[in-house]
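Each remark here refers to the structure printed beneath this line.
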2 protein chains.
Amino acid sequence: MTEKTYHHGDLKNALIQAGIEILAKEGVAGLTLRKVARRAGVSHSAPYAHFPDKQSLIAAISTEGFNQLYTLLDAAILANTADPRQQLIAGTRAYTQFAIDHTDTFKIMFSSALEKEKEYPAFVEISQKTFERVVDVVRACQSAGVIRPGSPELLAVTIWGQVHGIISLALEGQIPHLVLGEHSIQEIVSFALGQMLQSQ
Amino acid sequence: MTEKTYHHGDLKNALIQAGIEILAKEGVAGLTLRKVARRAGVSHSAPYAHFPDKQSLIAAISTEGFNQLYTLLDAAILANTADPRQQLIAGTRAYTQFAIDHTDTFKIMFSSALEKEKEYPAFVEISQKTFERVVDVVRACQSAGVIRPGSPELLAVTIWGQVHGIISLALEGQIPHLVLGEHSIQEIVSFALGQMLQSQ
DNA sequence: ATATTATCTTGACACTGTCAAGATTTGGCC
DNA sequence: GGCCAAATCTTGACAGTGTCAAGATAATAT
C-alpha cells in the first residue's frame with residue numbers, strides 16, 4: 001500500500017522506509033538524500049516536498065527507530081507484568097537486541113539529530129515516552145523492594161546509561177577482545193544489570 | 001616550532017591541530033578536509049601527502065584526543081595513589097570533564113573511526129592503553145576490598161560503560177530536564193559510580 | 001470546469017572527497 | 001658543491017552531495 005500509488009503516493013513514509021533500508025545495507029556514511037530518493041523511485045529533489053532538509057529526514061528516521069524500539073521495549077515489559085525485576089531484565093534485553101539488529105539505525109538515533117533535536121517534536125515525544133517507560137519499571141521495582149527508594153528518574157538514567165554505554169562501546173569496537181571474546185554483548189549487559197540490582 | 005618552517009613544516013601535526021580547532025568551533029559536521037587544509041594555510045589537497053583519506057585524518061585526531069584523555073586520566077590517578085577508591089572517583093571525574101570540555105573531539109573519538117578502527121594501530125594502542133589504565137585501578141580497588149573479586153576487565157567494562165553511557169546520553173540531549181535540571185553531569189556520573197561501588 | 005495548491009522534475013550552484021599531473025623543495029650521494 | 005631521487009605541495013579536474021529556483025503535473029476545492 002505504499003508503492004502502488006500512481007505518480008506519487010505517501011512518499012514521505014516511503015522515503016523513511018528507504019532510508020532505514022539504506023542504513024541497514026550501507027551504514028550511516030551511505031545514507032544520502034539522493035540515494036534515498038533514487039530508492040524510492042523519485043527525482044533527487046522530490047524529498048524537499050516532505051522534508052525541509054536532510055537533518056529533518058534523519059530526524060524522521062530516528063523517530064521511526066524510536067517507535068520500533070518502544071514497541072519492543074513495551075512488549076518485553078508487558079510480557080513480565082508479574083515480576084518487576086524480570087521486566088527490567090527483559091526490557092534491557094530487548095533494548096540490547098534492537099541495537100544489535102539495527103545497529104546503524106541505533107547509531108543515528110543517538111548521534112546525528114544533535115542539538116537540533118528539540119526542533120523535532122515527534123522525536124522528542126517518543127524519546128521521552130520511551131524514557132518514561134523505563135521510569136515506570138524502576139518505580140515498580142521500587143514498590144517491590146527490588147530497587148531502593150530515591151528519584152526514579154535519576155535511577156533510570158543510571159541504569160539506562162549503563163546499558164546504553166556498554167552497547168555503544170561494543171558497537172564502536174572499544175571493548176577489548178579479552179572481554180568480548182568470552183562474553184556476548186547480551187551477557188555483558190546482563191552481568192552489569194545484575195551487579196546494579198544487587199546494590200539496591 | 002610547528003609554524004615557522006619555510007615552505008612546509010610538520011604539516012601533519014598542523015593538520016591534526018587545525019582539525020581539533022575546527023571540531024571545537026564548528027562541530028563534527030563542520031570538519032572538512034578542505035577547511036582543515038585552509039586553516040593550516042595550505043592547498044586543498046596538500047593533506048594527501050600525509051593522510052591517504054579523510055578517515056585517516058579523523059583517526060589521527062581521535063588518536064590525539066585519546067592521548068590527551070589518557071594524560072588527564074593518568075594524572076588524576078597518580079594524584080590519588082594512596083586510595084584506590086579515590087583513584088576511581090578522580091579518574092571518572094577527569095573522563096567526564098574531558099567529554100564536557102572537548103565535546104566534539106569526544107564524539108568523534110567514539111563514533112566515526114568505526115569498523116576501520118583496527119586499521120589505525122596508533123589509535124588501537126592508545127585506546128587499549130587507556131582501558132588498561134582503568135583495569136589497573138579496578139585491580140587496585142579489588143586488592144583494597146573496594147571492588148569484589150572477578151575479572152577486572154569485565155568489571156572495568158561495566159564501570160567504564162556506565163560512565164560513558166551517561167555522558168553520551170547527556171551530550172545527545174537524551175537526559176530529561178527533570179534530571180539534568182537538578183543535577184550536573186558530574187553529579188549524575190558521581191551518583192552512578194557511588195551506587196556501583198556500593199554493590200561491591 | 002477552473003483555479004489554487006501540493007507534489008514532483010529538471011537544471012543549476014557551491015561544496016565536498018579524491019585523484020592525476022606538474023612544480024618545488026629536500027636530502028642523500030658522487 | 002652539484003645532481004638525482006624522493007617527499008611535499010599546487011593546480012586542475014571529476015563525480016557526488018545538499019540545496020534552491022523554475023517549471024510541469026496532478027489533486028483538491030470552489
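No hydrogens, no waters, no symmetry mates; every other heavy atom, side chains included, goes into these values. To find a chain, count down the sequence lines: A is the first, B the second, and so on, and within it residues start at 1.
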*Relative to the 5' end of DNA chain C, which residue comes earlier, A:K12 or B:P52, by the nucleotide with the nearest heavy atom?*
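Comparing both residues, the 5'-ward one is A:K12.
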*asked:* Regarding B:D10 and B:N13, do their side chains bring together a donor and an acceptor under 3.5 Å, going by distance alone?
replied: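 B:D10 vs B:N13: donor-acceptor pair found between side chains.
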*asked:* Ignoring hydrogens and geometry beyond distance, is a side-chain donor-acceptor pair present between B:Q87 and B:T81 at under 3.5 Å?
replied: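 Side chains of B:Q87 and B:T81: no pair found under 3.5 Å.
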*Tell whether A:R34 reaches the base of D:dG16 with its side chain through a donor-acceptor pair below 3.5 angstrom.*
no
*Can a donor-acceptor pair under 3.5 Å be found between the side-chain atoms of A:H44 and the base atoms of C:dG11?*
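Checked by distance alone, the answer is yes.
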*Could you check whether the rings of A:F106 and A:H164 sit parallel, tilted or perpendicular, using 30° and 60° as the cut-offs?*
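Rings of A:F106 and A:H164: tilted, as their planes differ by 30° to 60°.
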*Give the ring-plane orientation class for B:W160 versus B:F131, where under 30° counts as parallel, over 60° as perpendicular and anything between as tilted.*
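B:W160 vs B:F131 ring planes: tilted.
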Would you kindly give the [atom1]-to-[atom2] distance between [X] and [N], to the nearest whole Å?
X	N	atom1	atom2	value
A:L15	C:dT7	CG	C1'	12 Å
A:D10	D:dA27	CG	C1'	15 Å
B:Y48	C:dC19	OH	C1'	8 Å
B:L11	D:dA7	CG	P	16 Å
B:L57	C:dG17	CG	P	10 Å
A:L33	D:dC20	CG	C1'	13 Å
A:Q55	D:dT17	CD	C1'	15 Å
B:D53	D:dA15	CG	P	21 Å

*Can a side chain N or O of A:S45 be found less than 4.0 Å away from OP1 or OP2 on D:dT19?*
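No.
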_Judged by each residue's nearest nucleotide on DNA chain D, which is more toward the 5′ side, A:R38 or B:A46?_
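The residue mapped nearer the 5' terminus is B:A46.
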_B:A49 side-chain proximity, nearest of D:dT8, D:dT11, C:dG17_ =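 Among D:dT8, D:dT11, C:dG17, the one nearest the side chain of B:A49 is D:dT8.
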Identify every side-chain donor-acceptor pair in residues 23-31 of chain B under 3.5 Å, counting partners at least two apart or on other chains, and give the distances.
from	atom 1	to	atom 2	distance (Å)
B:E26	OE1	B:K35	NZ	2.9

